[in-house]
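I have placed the structure first, in the form of C-alpha cells, so that the comments after it can refer back to it.
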Amino acid sequence: MSTPTNDPAIIAEELILLDADLGESKDAVISRLSELLASAGRATDAVPLRDAALAREAQSATGLPGGIAIPHCRAEAVVSASLGFARLNPKVDFGAPDGPADLVFLIAAPAGAGSAHMKLLSSLARALVKPEFVTALREAPTAADVVALVDGVINPAPKAKPAVPAATATPAAPAPTAAAADDAPKHIVAVTACPTGIAHTYMAADSLVAAGERAGVTVHVETQGSSGSTPLDPALIASAEAVIFATDVGVKGKERFAGKPVISSGVKRAINEPDVMVTEALRASNDPNAARVSGTAAAAGGSSSSAGELGWGTRIRQILLTGVSYMIPFVAAGGLLIALGFLVGGYEISSNAEEIVINNSITALPDGGMRAYLGAVLFQIGALSFSFLVPALAGYISYAIADRPGLAPGFTAGAVAVLVGAGFIGGLVGGLIAGFVALWISKWKIPAVLRGLMPVVIIPLFATLIVGGLMFLVLGKPLAAITNGLTDWLNGLSGTSIIILGIILGLMMCFDLGGPVNKAAYAFATAGLSVTDVASLRIMAAVMAAGMVPPLAMALASLVRPRLFTEAERENGKAAWFLGAAFISEGAIPFAAADPLRVIPSMMAGGALTGALIMATDVTLSAPHGGLIVFFAIGKFLWFLIALVAGTLLSAFLVVFAKQFVKGKNAPTEEALDPDLVTA
C-alpha cells in the first residue's frame, strides 16, 4: 500500500508538535492542530476544518484508553488526507474513561476522500490499539522519528514470500470431512461502524479480534467504514456462535444475521471493553433466551428480540418513535390535501364531500360547479389518507417490536381503535400489545415442519386474534372514554387554561428539535386534526408556530451578532431562514448541539411565548405541516405571524444575551471566530 503519488505524504515533520502545551481544553488542541495543517497547505482554511472536527467531537468523545485521542473529520477545506500530531504536556481531557490524553492525532480527510486515503488513515487507527506502537510514540525523541513510526504502519514494507521448489510444492489440501467440520473451532462475527467511518470503526474491529485471540475464539469483523467494507461470507455468518454489533449507526444488511444471538453496543465499548463483549457473546451463544437479531429468519426460528445491550427504556422510546415516524407521511399527505380541499371548496365542503364524490363527476357537477367538485375530491383523498393515521401508528409500533409478523396485528389493533373511538391513545396501546403478543408467539416451541408458517400465518393469525379480542372486549371502551374525556377537556379549555396548554406545547416543541419530546407534542396535535374541532385546530397552530421559532431565531441571532458564532454556524444560519419558514425545527440542531446550555433554554422561552399567543388569539390551523407555505389553512393569519415574530425575537435576544454575558463550556473562543468580526 502506498500513498497516492499526486498528494504529499499523509504525515510530515511540520505537522508534528512534541511535548507541547496547547491549553487546557480539547477545543484549543483541535484548533491549534487545524492551524498547523492549514499553515502547511493541507487545508484551505483552519476554521472549517476545526468546526468539522468539533462537530464530530460533539457526536461522541474521541478519547481512548491509554492516553490517546483521535479527533477526526472529513471536510471540504481539506486539500489532501493528513495527520496532525501533538504529544501534550500537560495532558488534556478528550473524554476517555481512564483520564486525559497526551497523544493526539487530528485525522483530516477531504470530503470526497478516495478509498486509498481512507485505508491509510484506518491503518493508523488500527496501530493505536497496539501498546508497543503507543509506547514508541511517547519515547520518540524527534519529529522525524514520529514520521518514521507512523509511516511504518501506514506503508508497511511487503513481506517476502519464500520460494517453494516445484519438486516439493505442497499438495492441495483434501476437502474437509463432516467430522472435521464438527471439530472446527468456535467463531464469532461482528460489525463495527461509527458515524465518520475513519478511526473508531477499525480500532473497534482490531480490539475485538485481539480479545477473541485472548479468549481462544476467532472473531471475524465486517468494518462498515469509509474505506469500504467486504461483507462477511454467508457461510461464516451461518456457522457463527453469536454476533456483535458495535456501531453508532445502523447496521447495513442486518437481516443477514437474523436469528443469531446478539450483543449490541456503541462502537467505543468495543474499544474500551472488547474482552467483556466477547465473553458476553460466548455466554449468549449458550443461552436459549438470549436476545437475537430480528428478522424473518429470527421469527421463524422462534425469537425476534433485538434488544441486545439496549435498556428497555431506550427500546420503548425507539419503538414509539418508529410508529410516529411512519405515521407522519400519512398525516402530511392527508392533512395538506384536506387543507387544499378547504381552500378550493370552502370549509363547508367537509360536510358532504363523500356524497359529492360518489354521486357526481366531471360531466355531472354538483351545486357549486367545478370548484365544489374538485374541493370535495381533494378533501376526500386527504380524508382517506388521514384514516390510516392510527392504523399506521399502531402497525409500525408493533413492527418495531416484532418485525414483519407484527404488522398485521398492529394495523388491525389500530383499525379497531378507530372503530371503537379509542383514537390515538388506542393506537399507541394497541400497537404495543400487538407487538409484544407477536413477539411472545414467535418464541413458541413448535415442530420444525411448521416453523416456515410462523412469520406468515401463525404469528399474524394468533396475534391479531388476541389483540383484536382484547381491544373489542376489554380495552376499547375504557380507552374510548379516555379519548373522549381528553377531547371534551380540550374543547372546554378557555382563558388561562388554554394559554398554559400553549406554553407547554411550545416548550415541548423547542426542547429536543425532532426528538421524542418534540415528536410527542407533534403527534398529539396531528391526531386531533382528524376531529377538526376548534380546540384541535388551535393546538395544531400552536405546535407548528412554536416549532418554527428555533431555526428562525438562530438565523436572526447569527445575522444580528455574527461575531458570537463560528463561520459554520453563520452558514447554517443562512439556511435556517428557509428551514424555519417551512416548519423544519431540525434547522436549529447545529446551534443546539454546539452550545446546548445557552441555546436550548433560549429557544424554549420563545416557543412558549409563541404557543401562548397562538392560544390567546384563537389562531387555528387545519394543515399538519408546511409552515408559511400553508398560509391558506391558517385562521387569523396576521395573529399567527405576530406570535411567530414575537417568539423569534425573544429567542434571538436571549441567545445573543446568553452568548455575550453567560460563560458557557462550549462557547467558541475569540480565536475560533472570524478575526475580522472579532475586531469589528
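The heavy-atom pair separating A270 from S207 by the smallest distance is O-CB, 3.4 Å. In terms of heavy atoms, A52 sits closest to A75 at CB-CB, 3.9 Å. A290 and A284 get closest at one heavy-atom pair: CB-O, 3.5 Å. Of all heavy-atom pairs between A557 and V656, the closest is CB-CG2, 3.8 Å. D145 approaches A140 most closely through the heavy-atom pair CB-CB, 3.9 Å. In this structure, S285 and A242 approach most closely via the heavy-atom pair CB-CB, 4.4 Å.
Using a 4.5 Å heavy-atom cutoff, the side chains of M554 and M603 are in contact. Inter-residue side-chain proximity for I188 and T218 is flagged as unmet; no heavy-atom pair is nearer than 4.5 Å. Taking 4.5 Å as the limit, every side-chain heavy atom of R598 sits out of range of all side-chain heavy atoms of V655. The side-chain heavy atoms of V104 and P71, taken from C-beta on, include a pair separated by under 4.5 Å. Side-chain contact between L49 and C73 is present, with at least one heavy-atom pair separated by less than 4.5 Å. I70 places none of its side-chain heavy atoms less than 4.5 Å from the side chain of F94. Proximity of V150 to F105: side-chain heavy atoms (C-beta onward) are separated by under 4.5 Å at one or more points. Under the 4.5 Å side-chain criterion, counting only non-hydrogen atoms from C-beta, V276 is in contact with R269.
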Does the side-chain contact (heavy atoms from CB on, under 4.5 Å) test come out yes or no for L83 and I107, once each step is laid out? CA-CA 5 Å; L83 298 172; I107 305 176; 3.7 Å; yes

Hey, mind stepping through L15 and F85 against side-chain contact (heavy atoms from CB on, under 4.5 Å) and telling me if it holds? CA-CA 6 Å; L15 305 180; F85 173 72; over 6 Å; no

D102 vs R87, test: salt bridge (charged side-chain N to carboxylate O under 4.0 Å, His left out). Steps then yes/no. CA-CA 5 Å; D102 63 332; R87 192 167 67 197; over 6 Å; no

Carefully, step by step, assess E57 and D27 under the rule side-chain contact (heavy atoms from CB on, under 4.5 Å). CA-CA 9 Å; E57 200 77 21; D27 290 25; over 6 Å; no

Tell me, with the steps shown, if F245 and I263 meet side-chain contact (heavy atoms from CB on, under 4.5 Å). CA-CA 6 Å; F245 291 148; I263 299 299; over 6 Å; no

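By the 4.0 Å N-to-carboxylate-O rule, D93 lies too far from K26 to be salt-bridged with it. Salt-bridge annotation for R214 and D275: present, with a side-chain N of the basic residue lying under 4.0 Å from a carboxylate O of the acidic one. Looking at R256 and E222, a side-chain N of the basic residue comes within less than 4.0 Å of a carboxylate O on the acidic one, giving a salt bridge.
Heavy atoms from other residues, nucleotides or ligands lying under 6.0 Å from CD of E14 number more than 12.
Atom CD of E132 is separated from atom CG of L137 by 11.0 Å, given to the nearest 0.5 angstrom. Taking CG of L33 as the reference point, atom CG of L22 lies at 6.5 Å (rounded to 0.5 Å). Note that CZ of R50 is 5.0 Å distant from OG of S31, once rounded to the nearest 0.5 Å. If you take CG on L564 and CZ on R570, they are separated by 10.0 Å, rounding to the nearest 0.5 Å. The NE2 atom of H187 sits 9.0 Å away from atom CD1 of I237, with the distance rounded to the nearest 0.5 Å. Between the CG atom in L208 and the OG1 atom in T223 there is a gap of 11.5 Å [rounded to 0.5 Å].
The closest side-chain donor-acceptor pair between Q660 and R563 falls under 3.5 angstrom. No donor-acceptor contact under 3.5 angstrom links the side chains of H72 and T62, judged on distance only.
Judged by distance alone, the side chain of N286 and the main-chain N or O of R283 form no donor-acceptor pair under 3.5 Å. Of the possible polar contacts, one joining the D21 side chain to the G23 backbone as a donor-acceptor pair under 3.5 Å is found. S34 places no side-chain N or O within 3.5 Å of a backbone atom of R32 that could act as its donor or acceptor partner. Of the possible polar contacts, none joining the K260 side chain to the V293 backbone as a donor-acceptor pair under 3.5 Å is found.
Between F565 and F591, the ring-plane angle classifies as perpendicular under the 30° and 60° cut-offs.
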